[in-house]
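Data first, discussion second: the structure below is written as structure tokens.
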There are 2 protein chains.
Amino acid sequence: MKERPITIKDIARELNISVSTVSRALRGLPDVNAATRRSVETLARKLDYHPNAVALSLVKSKTYTVGVIIPNFVIHFYSSAIGGIQDVLSQAGYNIMICQSNENYDTEVANVQTLLNSRVDGLIVSQSKETEDLAHFSAVIDKGVPLVSFNRTLDGLHASRVEVDDYQGAYHAVEYLIRTGYRRIAHIAGPQNLQLSRHRYQGYLDALNSCQLTTEDAYIRYCDFSIESGRKAMHELLLLPDMPDAVFVVSDYPAYGVIAELKARGINIPDEVAVIGFTDEPFSSLIEPTLTTVSQPTYEIGRETARLFLQQLEDPDHFEPQQRTLKTELKVRNSTQRV
Amino acid sequence: MKERPITIKDIARELNISVSTVSRALRGLPDVNAATRRSVETLARKLDYHPNAVALSLVKSKTYTVGVIIPNFVIHFYSSAIGGIQDVLSQAGYNIMICQSNENYDTEVANVQTLLNSRVDGLIVSQSKETEDLAHFSAVIDKGVPLVSFNRTLDGLHASRVEVDDYQGAYHAVEYLIRTGYRRIAHIAGPQNLQLSRHRYQGYLDALNSCQLTTEDAYIRYCDFSIESGRKAMHELLLLPDMPDAVFVVSDYPAYGVIAELKARGINIPDEVAVIGFTDEPFSSLIEPTLTTVSQPTYEIGRETARLFLQQLEDPDHFEPQQRTLKTELKVRNSTQRV
DNA sequence: TTGTAGGCGTTATCAA
DNA sequence: TTGATAACGCCTACAA
């Protein structure tokens with residue numbers, strides 16, 4: 001049933017010439033008789049010959065495949081970024097092999113090994129929320145395999161990275177809240193092992209400080225990016241004697257949970273409590289009230305990541321780790337806009 | 001910088017034995033001296049040896065990689081299904097290589113070729129909305145390469161497929177509308193080259209007929225699964241002299257557009273117009289009003305697809321195309337629930 | 001312009 | 001129990 005694909009051997013035999021000639025003809029190298037070339041091309045087309053990429057990879061020690069590790073691709077941020085990665089990479093002739101860590105450290109470590117065994121030409125990664133030890137990534141770099149991280153970037157490693165200005169984004173968001181009249185501003189922060197969480201947290205703190213507003217420990221809660229964890233954090237905040245009048249949430253998903261909790265309790269958004277998220281997931285403009293959020297150029301993040309990656313791949317000799325920081329934009333919507 | 005990975009040759013040389021012995025020892029074959037085996041294993045671990053999957057693929061004519069082609073992975077349905085596919089496949093030792101057709105026929109054709117060149121062990125696909133000619137897929141089957149389709153399944157091909165009962169799902173949804181008291185029920189249908197669109201359409205028609213309700217051509221509109229196209233279709237329906245009092249939409253995304261349009265016009269949902277979608281995307285329970293919809297087991301669809309695929313892959317001799325039809329479930333929410 | 005030989009990393013076959 | 005040798009499909013010298 002399953003017939004062996006056509007090889008250059010088949011063509012060579014049929015034409016009574018050597019495989020090297022066929023190889024040369026097919027690759028359009030000079031030094032091959034025009035007539036020979038034509039007959040080879042004709043037969044190749046007729047037999048529907050396609051070069052075996054596996055064999056090619058073996059001789060070239062290059063698979064034209066790049067491994068991508070992300071926490072999860074049901075999150076729009078990641079699927080969109082991957083779209084950008086894929087568009088740039090496929091145009092350059094590369095395929096991608098995607099692994100999900102499912103936010104799990106052990107899975108992530110296993111993913112790295114799997115991809116390395118497949119001899120991918122390099123890795124593009126966004127770490128899991130659990131990951132603290134980066135040894136599995138630095139081992140990759142030590143092997144001389146190109147690696148670039150995006151979004152949840154790898155701090156302290158000798159590798160390129162693409163991120164947004166989390167600090168500025170957070171700062172502006174909170175500053176805007178203050179300007180709009182909110183005073184008791186809480187923060188639902190992300191896992192603190194992630195740089196992005198720390199930066200957004202710091203932006204929040206500095207914005208408050210710059211306006212002489214005190215920061216209260218009780219106003220800081222943590223979540224893990226899930227809707228449910230955001231809802232839980234909001235629930236706790238509502239128990240406070242002096243309830244906040246605004247919440248800056250580390251990401252949109254938990255912000256959805258915040259909105260759900262507030263609505264369930266009949267608390268008006270934004271009159272009683274304002275909410276700001278981060279990322280601008282598509283649903284943020286559909287939810288009720290529409291969510292004010294710090295928008296990230298997700299697709300462009302992917303493209304830029306891929307570009308940095310290609311740059312390193314194609315000129316590994318003068319490689320110097322680069323850091324790209326893309327701009328965010330505050331999208332003001334109804335969750336903060338008092339009417 | 002980039003050092004060559006360790007090979008069995010390196011191990012053989014260092015130990016002064018032949019590569020075949022090393023190979024055997026590493027694979028745990030019998031007929032190898034216990035002491036030899038131990039020294040090989042020790043050295044392999046010490047050198048951090050990992051077999052080159054590319055070389056293995058070449059000799060085995062098997063890459064342990066399966067190609068997946070989907071329209072788009074920012075749609076939750078697909079990213080979730082892929083999660084299921086990946087979980088089942090990776091447990092069986094397979095990697096996946098994902099391509100997006102971006103709903104474009106030419107891209108889809110190119111994807112097939114790319115994947116075939118990479119010598120994937122098989123294909124799992126969901127066709128683009130544009131695709132009418134299935135020749136590129138039947139060519140795959142003719143080559144003896146396992147192929148299974150899901151969701152947007154390939155009608156008429158000798159291949160396994162996994163779908164939900166679109167007809168029943170639609171029928172029940174519309175029947176429910178009628179039972180609830182709606183009478184002028186419109187349908188925003190999907191591209192008619194897709195079987196799923198036709199089945200949902202037919203379910204709609206039959207449900208109306210079974211209740212002696214007339215079906216009016218003016219009540220049938222088309223969309224392409226985008227939010228915008230749903231909005232546009234609703235806009236047209238509102239122009240009718242006898243506006244519908246309910247709309248059954250082929251999918252959730254265009255249903256979001258329908259809701260947006262109705263809200264923009266100040267038309268009450270569900271009192272003036274009820275809306276039902278299909279799929280149950282996560283947003284559907286967050287949007288306001290929450291969307292009544294025909295829920296699909298997206299993750300399970302992926303798992304089942306992968307299982308069917310593995311079955312064929314592991315026993316290609318007794319392969320018979322199979323068709324799995326999973327159940328849907330009507331999720332009643334506020335977009336149809338008169339209060 | 002074309003062919004031969006060797007190699008990429010591994011397995012399989014056969015002989016020792 | 002181990003070692004040559006050929007093979008997977010292709011490319012790269014080098015030789016003719």
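Quick note on labels: first sequence line is chain A, next is B, and so on, each numbered from 1. Hydrogens, waters and symmetry mates are skipped; everything else that's a heavy atom, side chains included, is used.
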Can you find a side chain N or O atom of [X] that sits less than 4.0 Å from OP1 or OP2 on [N]?
X       : N      : answer
A:Arg27 : D:dT12 : yes
B:Ser61 : D:dC8  : no
A:Thr36 : C:dT2  : yes
B:Ser18 : D:dT2  : no
B:Lys62 : D:dC8  : no

Specify the separation, in whole Å, of atom [atom1] of [X] and atom [atom2] of [N].
X       : N      : atom1 : atom2 : answer
A:Tyr64 : D:dC11 : OH    : P     : 12 Å
A:Arg37 : C:dT1  : CZ    : P     : 9 Å
B:Leu15 : D:dG3  : CG    : C1'   : 15 Å
B:Leu26 : C:dA12 : CG    : C1'   : 16 Å
B:Lys60 : D:dA7  : NZ    : P     : 18 Å
A:Leu29 : C:dT2  : CG    : P     : 12 Å
A:Asp31 : C:dG3  : CG    : C1'   : 13 Å
B:Lys9  : C:dC8  : NZ    : C1'   : 7 Å

Would you say the base of C:dT4 and the side-chain of A:Ser20 have a donor-acceptor pair closer than 3.5 Å?
yes
Decide yes or no, distance alone: a donor-acceptor N/O pair under 3.5 angstrom between the base of D:dG9 and the side-chain of A:Arg4.
no
Tell me if the aromatic rings of A:Phe73 and B:His76 count as close, with their centers under 6.0 Å from one another.
no
Pair B:His158 + B:Phe137: ring centers closer than 6.0 Å
no
Could you walk me through whether A:Glu14 and A:Lys9 pass salt bridge (Lys or Arg N to Asp or Glu O under 4.0 Å), step by step?
CA-CA 8 Å; A:Glu14 190 130 341; A:Lys9 265 187 193 166; over 6 Å; no
Base, sugar-phosphate alone, or nothing: which one does B:Ser57 contact when heavy atoms must sit under 4.0 Å apart?
nothing
Across the strands shown, which category fits A:Val32 at heavy-atom distances under 4.0 angstrom: base, sugar-phosphate, nothing?
sugar-phosphate
Closest to the 5' end of DNA chain D, once A:Leu56 and B:Thr21 are matched to their nearest nucleotides, is B:Thr21
Are B:Leu123 and B:Pro146 packed together at the side-chain level, in the sense that at least one heavy-atom pair is separated by less than 4.5 angstrom?
no
Report yes if some heavy atom in the side chain of B:Ile96 is under 4.5 Å from a heavy atom in the side chain of B:Thr65; otherwise report no.
no
Report the residue (B:Arg24 or B:Asn52) whose heavy-atom-nearest nucleotide on DNA chain C is the more 5′ of the two.
B:Asn52
